[in-house]
Amino acid sequence: WATEEIYKIAEMRMQALDQTLLDLFSATKSLSDNINLYFSEEERRSAINAGQSAIVDTTKVADNLKYGIQKDEKE
């Protein structure tokens, strides 16, 4: 494939994913950060808060992936 064709395909795919992909990456980063804080934070209250935030992030990641899969199955 020519480079131009790859860019066109990527652009079409990005338009199809729109905000979902950005939300997925954002939630994944937040999940990773909160897990790291949970295990590395010395103050346990802060660690527990980070752990609870990681649980919320996990739900966001799962929801975004489910949405993406359902959207792909319809296409």
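Fair warning: this is a prediction, and the values are worked out from it, not measured in the lab. Sequential numbering from 1 along the given sequence is applied to the chain's residues.
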Considering non-hydrogen atoms only, spot the tightest contact between Glu41 and Ser46 and give its length.
CG-CB, 3.5 Å

Rounded to the nearest 0.5 Å, how far does [atom2] of [Y] lie from [atom1] of [X]?
{"X": "Phe39", "Y": "Ile35", "atom1": "CZ", "atom2": "CD1", "answer": "7.5 Å"}
{"X": "Lys60", "Y": "Leu31", "atom1": "NZ", "atom2": "CG", "answer": "10.5 Å"}
{"X": "Lys8", "Y": "Glu4", "atom1": "NZ", "atom2": "CD", "answer": "4.5 Å"}
{"X": "Tyr38", "Y": "Asn49", "atom1": "OH", "atom2": "CG", "answer": "11.5 Å"}

Checking Asn34 against Ser53: is there a side-chain donor and acceptor pair closer than 3.5 Å?
no

Run the side chain to side chain donor-acceptor pair (under 3.5 Å) test against Asp33 and tell me which residues pass, sequence neighbours left out.
Lys29

I'd like to know if the side chain of Thr28 and the backbone of Leu24 have a donor-acceptor N/O pair within less than 3.5 Å.
yes

Only residue of Val56, Asp57, Asp63 satisfying side-chain contact (heavy atoms from CB on, under 4.5 Å) with Thr59 is Asp63

